[in-house]
Amino acid sequence: MNLQPRALHSAADDAPPPDLFTPAAPRGLLEGLNPEQLAAVTAGQAPALILAGAGSGKTRVLTTRIAWLMSQGLATPANLMAVTFTNKAAKEMLTRLSAMLPVNVRGMWIGTFHGLCHRFLRAHWKLAGLPQGFQILDAGDTVAAVKRVIKGMKLDEERFVPKQVAWFIAGAKEDGLRPQDMEQRDEQTRRLVSIYQAYEDQCLREGVVDFAELMLRSYELLRDNAELRAHYQRRFQHVLVDEFQDTNRLQYAWLKMFAPPGSQQCVFAVGDDDQSIYAFRGARVGNMADFEREYRVRQVVKLEQNYRSFGNILDCANALISHNKSRLGKNLRTEAGPGEPVRVNEAASDYAEAQWLLEEAQALHRQGLARSQIAVLYRSNAQSRVVESALFNAGIPYRVYGGLRFFERAEVKHALAYLRLIENANDDTSFLRVVNFPARGIGARTIEQLQDAARASGRSLYQSVGAVGGRGGSSLGAFVALVEGLRQATVGLTLREIIEHMLHASGLQDFYRAEKEGADRLENLDELINAAEAFVTQEGFGKDAVALPVDESGAGYAPGDLAPGLPVAPAPAATPVPDAETGEIMSPLAAFLSHASLEAGDNQAQAGQDALQLMTVHAAKGLEFDAVFLTGLEEGLFPHENALSDPDGLEEERRLMYVAITRARQRLYISFCQTRMLHGQTRYNIKSRFLEELPEPCLKWLTPRHQGFGSGFERGYQQAWERGSGLKSMVGAGRVEPQAPPAALQKSAAAKTGAEFGGLRVGKGVFHTKFGEGVLLTLEGSGADARAQVNFGRHGIKWLALSVAKLTPID
DNA sequence: GACGTTGAGATTTTT
DNA sequence: TCTCAACGTC
């Protein structure tokens with residue numbers, strides 16, 4: 001395809017039109033933008049594709065575009081949607097946006113694909129055919145659920161590995177395929193599809209959805225419901241997409257539901273085909289070309305000015321990526337000058353490599369570079385071991401990214417399982433996780449009998465307890481009584497109190513207290529309380545949260561609503577989503593549980609601890625560092641051997657290398673080894689072909705090009721290594737442990753008068769068209785964000801958004 | 001149910 | 001070589 005000049009603004013076109021700086025346009029909004037960026041930000045009301053190179057100010061363009069649209073009256077907070085992939089990116093966008101414009105971003109449709117789908121399904125759960133209190137399975141839960149299905153079907157777990165089957169199901173969903181849509185050529189596929197079907201049935205029975213289901217179900221609902229589709233299309237005039245190169249088939253199809261080709265809605269897609277490194281997960285770079293074609297995109301803007309790296313680094317990146325055939329075509333440039341050469345090091349062994357980089361990093365640190373500004377990148381996680389070991393022995397603080405995240409920790413998952421059972425006792429995944437944890441004498445046989453009974457009756461494990469004689473005195477009966485007791489005891493409590501009560505009543509707290517090494521786990525459970533507290537404050541469940549009115553129709557907004565000086569939450573997030581029909585909103589507990597699944601929590605480095613940053617190249621995407629050590633540039637490692645045979649795979653590896661190079665601001669080191677321990681065997685690797693693709697004038701070889709084995713240089717390192725202790729002894733120390741996030745902000749309740757809530761009074765009766773009469777328990781929030789908690793007796797205790805639910809006081 | 005032994009598998013993984 | 005998960009034993 002040809003994305004050449006035809007749509008590029010020429011320099012002359014780049015002068016802003018005279019009416020650009022109307023009083024409504026905040027001063028300085030467009031200041032400092034280069035011509036390309038300006039062209040992107042002020043692109044006309046038509047589909048636009050922004051090819052944003054690494055370090056070209058992509059996020060700035062995206063947020064400035066939003067601010068500009070609103071300041072020009074071309075969009076309102078309510079009729080604009082912006083989608084990202086990560087929670088981090090979404091937060092970043094919201095934070096920057098609130099700094100640019102005096103607009104309260106809470107309630108705006110800015111979020112991750114999955115976050116927005118979740119929101120959508122909460123509002124339209126009934127139309128989507130979901131139970132109202134549906135909960136979300138994270139990756140681990142999904143595998144566990146698939147595993148149960150395979151066991152239940154008495155299939156061989158060797159032939160149907162749960163993880164792979166879960167992968168298969170997710171892949172199918174991401175291609176928009178339900179079991180009945182799938183081709184079943186061979187026996188194996190036929191079985192897989194039947195597992196898929198059984199898994200679907202199980203999820204529905206338990207009231208849970210996995211990540212892919214959030215997307216697929218949202219997509220199908222929009223596809224099949226013309227009225228709803230029209231509603232949302234009317235509402236969102238602007239759809240902005242970040243990291244477009246990472247979208248999969250389903251996500252692109254989902255976007256088209258909101259803004260079909262040829263419609264009035266404007267899609268503003270930002271992406272970089274050269275940074276597409278997730279094809280293995282279903283990402284489809286081809287979506288960029290498809291988008292350009294299907295939407296007849298005439299505004300294609302390339303952001304090629306790089307503000308991050310010096311020339312030598314960029315020359316390397318450009319030269320490398322030019323070896324890829326399938327590209328849209330882009331070349332990074334900088335005004336920063338060539339800078340230092342890219343240093344290349346050949347080490348005799350992986351030990352030597354680690355030792356070398358350690359000393360080099362120490363030297364940089366002595367020159368005044370913060371350790372947190374130095375990154376060590378590698379292709380695969382296994383490579384971190386040697387480096388960690390060397391750093392540990394040298395007593396240099398470091399932090400490894402990746403691994404378990406907060407909400408994935410075992411103790412946290414246990415606690416969440418109890419909380420989920422309070423919300424929905426039919427959640428079998430949670431039931432199984434904690435039915436015998438802490439141990440309460442419920443063995444495998446009991447569980448098996450229970451599962452058989454549940455399967456026979458098509459009911460949940462919880463519902464089947466009676467069927468296996470698990471009433472009264474039995475241990476199963478006691479567990480049911482525990483869950484029942486938890487539910488009853490936590491009615492009307494704050495989220496914090498609910499968790500505290502659960503930790504105590506479940507025995508989790510006592511269990512970890514008694515355990516020798518339970519201190520860390522107890523700390524994490526405390527941390528869970530903090531996280532809940534922070535969530536309540538941020539997500540608008542707090543007492544005096546303030547939000548602009550956002551009604552589903554998107555009406556009722558004018559540019560003038562962007563009142564200056566409006567209070568803005570520091571880390572803005574979505575307001576609780578009301579049910580589109582009744583106005584009912586989730587309980588804080590249910591909302592927190594969704595949050596826990598949707599956002600696995602940070603494992604980001606903590607500020608304050610100055611530590612070397614160790615991570616895979618994938619994990620480094622989107623980050624930048626003053627100095628970068630790119631290690632293991634060896635054939636078979638980088639590019640990885642599994643990708644060598646496949647041209648597409650090799651191109652993805654090259655893009656990965658491109659991403660790695662472009663992380664560096666000032667200094668880039670590239671290293672490789674002659675020998676490396678891998679899977680218990682010494683491997684003799686040759687240097688990566690990618691090294692040959694870098695321009696020699698940009699490089700500076702730190703070692704002779706062809707150093708032999710067993711040189712004195714190498715022996716010295718080898719001996720130094722052997723003097724150090726092994727890896728076994730390195731538990732904890734040297735590694736920077738994550739610190740507890742700041743405790744949640746405590747906010748005082750604002751006094752509310754009855755008048756503000758349309759005459760409603762706590763303790764008095766109210767009437768709801770759907771739920772009938774009830775007693776008002778709580779009133780909080782204000783304006784369009786006002787909420788009420790009402791006890792409707794037979795219908796239970798519900799939270800209602802007063803802007804949607806029509807509540808009338810009764811005497 | 002807590003513990004030890006054995007064996008397979010060991011890219012990358014935003015949600 | 002190392003890790004994790006699945007078994008088997010007390």
Side-chain angles (χ1 to χ4, degrees), chain A residues 83-91 111-118 136-143 147 157-158 161-164 166-167 170 173-174 209-215 242-243 245-248 250-251 275-283 350 377-386 389 401-403 405 407-408 436-446 515 594-604 615-623 632 636-644 649 652-653 655-657 659-660 676-683 726-728:
Chain A
V83 204
T84 66
F85 273 85
T86 65
N87 291 303
K88 199 176 156 202
K91 261 185 204 151
T112 63
F113 277 100
H114 294 85
L116 295 182
C117 284
H118 171 239
I136 302 161
L137 300 180
D138 68 18
D141 299 333
T142 304
V143 173
K147 191 170 177 178
E157 276 189 58
E158 306 255 298
V161 184
K163 217 167 160 182
Q164 290 171 3
W167 179 276
K173 289 186 181 184
E174 282 163 8
V209 296
D210 60 36
F211 287 141
E213 187 70 21
L214 285 171
M215 289 283 337
D242 189 19
E243 305 276 20
Q245 79 282 354
D246 287 340
T247 52
N248 59 36
L250 180 56
Q251 285 158 337
Q275 291 189 70
S276 159
I277 55 173
Y278 285 106
F280 73 95
R281 266 186 106 267
D350 45 354
L377 307 185
Y378 34 80
R379 173 67 239 266
S380 66
N381 284 304
Q383 289 170 251
S384 77
R385 178 172 312 284
V386 195
S389 172
Y401 285 69
R405 290 183 294 181
F407 286 114
E408 290 168 351
N436 198 35
F437 192 93
R440 44 177 76 89
I442 300 174
R445 190 156 355 156
T446 314
E515 210 177 43
S594 295
H595 166 82
S597 305
L598 237 32
E599 193 167 351
D602 274 351
N603 50 7
Q604 305 296 313
M615 67 192 82
T616 64
V617 180
H618 281 92
K621 190 181 170 203
L623 305 177
L637 246 197
F638 200 175
H640 195 274
E641 49 198 350
N642 297 2
L644 292 180
E652 178 143 320
E653 294 288 308
R655 291 193 293 268
L656 201 49
M657 174 80 179
V659 167
R676 177 180 295 276
M677 263 316 212
L678 203 65
H679 308 334
Q681 253 141 33
T682 305
R683 305 212 335 186
L727 199 68
K728 282 264 155 70

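Within every chain, numbering begins at 1; the chains are lettered A, B, ... in the order of the sequence lines, protein sequences first and strands thereafter.
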Pick base, sugar-phosphate or nothing for [X], based on heavy-atom distances below 4.0 Å to the nucleic acid.
X      : result
A/L116 : nothing
A/G443 : sugar-phosphate
A/G441 : sugar-phosphate

message: Any salt bridge linking A/K621 with A/D246? Criterion: basic side-chain nitrogen under 4.0 Å from a carboxylate oxygen.
response: yes

Quick one: does [X]'s side chain get under 4.5 Å of [Y]'s, heavy atoms only?
X      : Y      : answer
A/M215 : A/K173 : no
A/E157 : A/K147 : yes
A/R281 : A/H618 : no
A/L214 : A/L598 : yes
A/M615 : A/L377 : yes

message: Which residues pass the side-chain contact (heavy atoms from CB on, under 4.5 Å) test with A/A643, not counting sequence neighbours?
response: A/E653

message: Taking B/dT12 as the reference, what is the distance to C/dA5 when you measure between their P atoms (whole Å, please)?
response: 15 Å

message: For the C1' atoms, the ones on C/dT3 and on B/dT14, what distance do you get once it is rounded to whole angstrom?
response: 25 Å

field: Plane angle bin for A/F211 and A/H114 - parallel if under 30°, tilted between 30 and 60°, otherwise perpendicular
entry: perpendicular

field: side-chain hydrogen bond (donor to acceptor under 3.5 Å, both in side chains) partners for A/S380, two or more places apart
entry: A/Q383

[X], nearest nucleotide to its side chain (from [options]):
X      : options               : result
A/R385 : C/dT1, B/dT15, C/dT3  : C/dT3
A/A643 : C/dT3, C/dT1, B/dT11  : B/dT11
A/A139 : B/dT15, B/dT11, C/dC2 : B/dT15

How many Å lie between [atom1] on [X] and [atom2] on [N], as a whole number?
X      : N      : atom1 : atom2 : value
A/R440 : B/dG1  : CZ    : P     : 11 Å
A/L637 : B/dT11 : CG    : P     : 10 Å
A/E515 : B/dA2  : CD    : C1'   : 12 Å
A/L250 : B/dT15 : CG    : P     : 17 Å

- prompt: What residues, two or more places apart in sequence or in another chain, satisfy ring pair (Phe, Tyr, Trp, His ring centres under 6.0 Å) together with A/F113?
  reply: A/F85, A/W254

Between protein and nucleic acid, restricted to nucleotides 8-10 of chain B and to nitrogen or oxygen atoms under 3.5 Å apart, what atom pairs and distances do you find?
none

query: In the 5'-to-3' direction, what one-character label does each nucleotide of nucleotides 5-10 of chain C receive under the scheme B = base within less than 4.0 Å of a protein heavy atom, S = sugar-phosphate only, - = no such atom?
result: -S----

Enumerate the protein-to-nucleotides 12-14 of chain B contacts in which both atoms are nitrogen or oxygen and the separation is below 3.5 Å.
residue, atom, partner, partner atom, Å
B/dT12, OP1, A/N381, N, 2.7
B/dT12, OP1, A/N381, ND2, 2.9
B/dT12, O4', A/R379, NH2, 3.2
B/dT12, O2, A/R379, NH2, 2.5
B/dT13, OP1, A/T616, OG1, 2.9
B/dT13, OP2, A/N381, ND2, 3.4
B/dT13, O2, A/R281, NE, 3.0

message: Are B/dT15 and A/H114 stacked, with the base six-membered ring and the side-chain ring centres under 5.5 Å apart and planes under 30°?
response: no

query: Any donor-acceptor pair under 3.5 Å linking the side chain of A/D350 with the backbone of A/M677?
result: yes

Given DNA chain B, 5'-ward residue of the pair A/S597 and A/N642, judged by closest heavy atom: A/N642

query: Counting only heavy atoms not in A/Q681, do more than 12 sit closer than 6.0 Å to its CD atom?
result: no

